[in-house]
**Q** 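Have a look at the structure that comes next, please.
Lettering of chains follows the sequences in order, A, B, ..., and the numbering in each one begins at 1.
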Amino acid sequence: MRPAGGAPIPRPCRGFSPAEPPRGVFRGPVLYLARPHDRARPPGSPGQDRRPWAAGIDPYPARGVSAEPIARLLSLMGTPDAPGPRCGTPATIAGRLLSLRDFGKLVFAPVQDRGGRLQIGLEQARLGDWWPERKYLDGGDLVGASGVLGHTKKGEPTLWVTEIRLLAKAVAPPPEKWHGLVDVESRYRRRYVDLWASEGVREVFLKRSRIVSGIRRFLEAQGYIEVETPTLHPILGGATARPFVTHYNALDHDFFLRIAPELYLKRCIVGGLERVFEIARNFRNEGLSPRHNPEFSMLELYEAQADYRRMMEIAETLIETVARETNGGTEVSFRGERYDLKAPFQRESYCELFLRHAGCAYDDEPRVRAKARELEIPDPGNFAKLSNDVFEACVEEHLRGPVIVYDYPVEISPLAKRKPGEPRIAERFEVFLGGMELGNAFSELNDPADQYQRFAEQVASKDPEAPGEIDVDYVQALEYGMPPAGGLGIGIDRLVMVLTGQDTIRDVLLFPALRPKPAESAGDAAAHAAPGEA
RNA sequence: GGGCGCGUAGCUCAGUCGGUAGAGCAACUGGCUUUUAACCAGUAGGUCCCAGGUUCGAUCCCUGGCGCGCUCACCA
């Protein structure tokens with residue numbers, strides 16, 4: 001009888017010809033080939049040759065095995081006293097062999113797949129013809145195993161194996177089994193090891209995936225459609241940041257990697273798509289920090305007929321909903337503090353916060369300048385910017401959150417609509433949590449003349465991060481008429497940090513930005529190539 | 001970019017007040033049918049980040065470089 005969902009495991013590929021060198025094993029530069037048994041044994045040396053290819057076993061067979069998820073099997077195993085429905089039934093699993101505990105005629109080994117770990121037990125009597133296969137297995141190898149589920153004397157769920165096959169040989173040794181991979185640089189550079197060897201790392205990225213799909217479900221349920229806008233921009237816009245520049249040969253023109261998708265998404269609103277969102281990778285040529293990576297993911301969404309009040313509701317309920325879906329509740333622990341993401345969030349006006357923490361009005365120029373000198377904040381050459389620097393220095397640390405800060409000065413909000421009756425205030429808010437900005441939103445400016453004027457002021461400013469030219473095409477789009485709309489941006493990486501309790505952005509990015517490793521010289525590569533026959 | 005710290009075996013780490021290095025795990029050999037950091041006995045494994053300098057002698061001291069971490073500045 002065959003296990004449900006498990007195809008028979010073919011016999012190891014005994015027809016494999018050792019005369020044909022296994023591809024990729026001894027060819028070209030590799031990190032290391034430290035396992036002595038991976039090299040040919042000197043003639044006359046004791047013991048047996050454990051290289052699978054020397055025994056005619058293909059170390060990289062063409063086919064995998066059809067396996068059941070370990071997590072599902074575990075959930076149906078029960079305990080020795082109260083066996084579950086799968087206890088005693090046949091099953092096939094596939095995954096990474098983490099280590100081997102060899103008792104001679106009995107071997108225990110944990111096998112790990114994406115969702116969990118299950119111990120396999122290899123007994124000589126049960127394996128029969130397959131018993132010799134164990135000699136070709138090492139910690140780190142990928143294997144497929146079929147057998148019968150049961151428990152050991154200690155109560156450990158175990159697959160008592162009748163057939164086992166090497167699916168891919170690990171010629172590089174796994175990290176130390178107890179400590180795992182702890183060197184931070186190695187963890188990021190060799191994330192492919194970190195993902196299976198370090199506790200909890202895989203779970204962070206599985207959860208990140210659930211968060212992103214939860215966001216999509218939430219927005220689609222509200223009638224939003226997902227769109228994709230250009231990453232290569234001819235003109236900077238949508239934010240202030242230093243860009244990456246690249247050259248497109250066919251047009252012989254330099255393009256910027258986008259710093260924000262905003263202006264394209266609002267063109268979609270002009271075009272009548274009404275509710276659009278994009279989960280966009282943005283690129284900003286700025287420093288690295290626990291909160292910053294040069295490329296990062298941003299959710300931006302725009303909704304016709306909405307304003308920033310509606311965006312507040314969306315921001316709160318989106319964050320709350322995704323937290324419930326992925327964490328089962330709204331309480332999170334981040335950087336040693338507890339937060340409750342239940343909507344509605346606390347709301348504070350920018351002006352009042354400024355007054356409360358800086359001790360003066362945000363537009364009281366003499367006193368703001370005095371405060372800036374007191375805090376040793378350099379003058380950016382622009383009072384509105386200086387005032388905001390004072391805000392960030394005095395207020396942001398108090399924003400434990402989650403808190404919505406609303407009504408910003410219009411000078412630092414060039415794409416936001418003015419508040420009715422208060423032309424110096426923009427209908428804009430930011431969401432803060434743990435002193436970190438999570439989101440930014442506003443009632444979108446749709447007056448083309450006002451927009452042109454604000455672009456012109458940006459271009460004229462001395463700010464090196466401001467766009468170098470006016471996006472005339474965007475202004476023209478507004479001239480055709482953009483409906484009143486609200487827009488919201490949420491930093492995906494930061495939201496994932498909060499929901500997974502990770503302190504640094506690098507721990508929620510699979511491959512965070514690193515300086516390229518200097519290339520190994522040809523001599524080094526040659527030195528790493530294993531001697532002996534292949 | 002500035003400041004502080006780190007770089008030793010495949011991994012995690014000791015150590016050398018300057019005389020070319022150790023442990024545990026991994027690997028290899030032998031033993032072991034209920035372990036789960038298995039155990040017992042043995043073997044092997046190093047450009048002590050790189051390059052100069054000082055010295056009879058440098059992994060150690062000095063200078064420079066490279067990489068990483070923390071932190072400050074900029075940014076979301």
**Q** Nearest to the side chain of A:R190, heavy atoms from C-beta on, is which of B:A26, B:C11, B:U71?
**A** B:C11
**Q** Not counting sequence neighbours, which residues clear side-chain hydrogen bond (donor to acceptor under 3.5 Å, both in side chains) with A:Y362? List them please.
**A** none
**Q** What's the CH2-P distance between A:W160 and B:U34, to the nearest Å?
**A** 10 Å
**Q** Consider only side-chain N and O atoms of A:Y308 and A:D407, and report whether a donor and an acceptor are under 3.5 Å apart.
**A** yes
**Q** Closest-nucleotide mapping onto RNA chain B: is A:E123 or A:P175 further toward the 5' terminus? I mean the 5' end.
**A**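 Per heavy-atom nearest nucleotide, the more 5' residue is A:P175.
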**Q** Can you tell me the base-pairing partner of B:G1? Count Watson-Crick or G-U wobble geometry only, both distances below 3.5 Å, and say none if there is no partner.
**A** B:C72
**Q** Give the rounded distance in Å between these two atoms: CG of A:L438 and C1' of B:A76.
**A**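 Those two atoms, CG and C1', are 10 Å apart.
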**Q** Report the nucleotide, chosen from B:C74, B:U71, B:U34, that has the shortest atom-to-atom distance to any side-chain atom of A:E286.
**A**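 Out of B:C74, B:U71, B:U34, the nucleotide with an atom closest to A:E286's side chain is B:C74.
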**Q** Work out how far the P atom of B:C4 is from that of B:G65, and round it to whole angstrom.
**A**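 Result for the P pair: 14 Å, nearest Å.
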**Q** How would you label the contact of A:D503 with the nucleic acid (heavy atoms, under 4.0 Å): base, sugar-phosphate, or nothing?
**A** nothing
**Q** With rounding to whole Å, what would you report as the distance between B:C61 and B:C17 at their C1' atoms?
**A** 11 Å
**Q** Using the side-chain heavy atoms of A:A125, tell me which of these nucleotides is nearest: B:U33, B:U34, B:A26.
**A** B:U33
**Q** Taking only residues two or more places apart in sequence, or in another chain, which ones meet A:T79 in a side-chain contact (heavy atoms from CB on, under 4.5 Å)?
**A** A:D81, A:A82
**Q** At under 4.0 Å between heavy atoms, what does A:P110 touch on the DNA or RNA strands: base, sugar-phosphate, or nothing?
**A** nothing
**Q** Which whole-number value in Å describes the distance from A:R134 CZ to B:U33 P?
**A** 11 Å
**Q** Between B:C6 and B:G45, how many Å separate the two C1' atoms, rounded to a whole number?
**A** 25 Å
**Q** Give a yes or no on whether a salt bridge exists between A:K266 and A:E444, defined as a side-chain N under 4.0 angstrom from a carboxylate O.
**A**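 Yes, this pair counts.
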**Q** Looking at B:U71, B:A76, B:A26, which one has an atom nearest to any side-chain atom of A:I505?
**A**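 Selected nucleotide (nearest to the side chain): B:A76.
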**Q** Check the distance between B:A37's P and A:R117's CZ and give it to me in whole angstrom.
**A**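 In whole Å, B:A37 P and A:R117 CZ are 11 Å from each other.
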**Q** Which residue, A:R284 or A:Y188, contacts RNA chain B at a nucleotide closer to its 5' end, judged by nearest heavy atom?
**A**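 In this pair, the answer is A:Y188.
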**Q** Check the phosphate of B:C68 against A:R189, side-chain N and O only, distance under 4.0 Å to OP1 or OP2. Yes or no?
**A**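 For B:C68, OP1/OP2 do have a side-chain N/O of A:R189 under 4.0 Å.
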**Q** Using atom P in both nucleotides, what's the gap between B:U59 and B:U54 to the nearest angstrom?
**A**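 Each nucleotide's P atom is 15 Å from the other's.
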**Q** Could you work out the separation of B:G15 and B:G22 based on their P atoms and round it to a whole Å?
**A** 15 Å
**Q** Contact class for A:E437 (heavy atom, under 4.0 Å): base, sugar-phosphate, or nothing?
**A** sugar-phosphate
**Q** On a whole-Å scale, what distance lies between the P atoms belonging to B:G24 and B:C62?
**A** 32 Å
**Q** Under the rule for salt bridge (charged side-chain N to carboxylate O under 4.0 Å, His left out), what residues qualify as partners of A:D194, not counting sequence neighbours?
**A** A:R187, A:R191
**Q** Please give the distance between the C1' atoms of B:U8 and B:C50 as a whole number of Å.
**A** 15 Å
**Q** At under 4.0 Å between heavy atoms, what does A:D102 touch on the DNA or RNA strands: base, sugar-phosphate, or nothing?
**A** base
**Q** Can you tell me if A:Q112 and A:R96 form a side-chain donor-acceptor pair at under 3.5 Å?
**A** no
**Q** Ignoring the backbone of A:Q119, work out which of B:U36, B:A76, B:U71 is nearest its side chain.
**A** B:U36
**Q** Could you pull out the protein-nucleic contacts involving nucleotides 12-14 of chain B (nitrogen or oxygen on both sides, under 3.5 Å)?
**A**
residue: B:U12; atom: OP1; partner: A:D183; partner atom: N; Å: 3.1
residue: B:U12; atom: O2'; partner: A:H179; partner atom: NE2; Å: 3.4

**Q** Using the side-chain contact (heavy atoms from CB on, under 4.5 Å) rule, pick out the option among A:I93, A:T89, A:D113 that qualifies with A:L73.
**A**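 So the option named by the test is A:I93.
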**Q** Restricting to side-chain hydrogen bond (donor to acceptor under 3.5 Å, both in side chains), what partner residues turn up for A:N282, sequence neighbours left out?
**A** none
**Q** Check side-chain hydrogen bond (donor to acceptor under 3.5 Å, both in side chains) between A:E411 and all other residues, then give those that pass, not counting sequence neighbours.
**A**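 side-chain hydrogen bond (donor to acceptor under 3.5 Å, both in side chains) list for A:E411, sorted by chain: empty.
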**Q** Out of B:A76, B:U33, B:U36, which nucleotide sits closest to the side chain of A:L106?
**A**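 Per side-chain heavy atoms of A:L106, the pick is B:U33.
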**Q** Taking only the C1' atom of each, what is the distance from B:G18 to B:A58 in whole angstrom?
**A** 7 Å
**Q** Rounded to whole angstroms, how far apart are CD on A:Q124 and C1' on B:G31?
**A**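 One finds 15 Å between C1' of B:G31 and CD of A:Q124, rounded.
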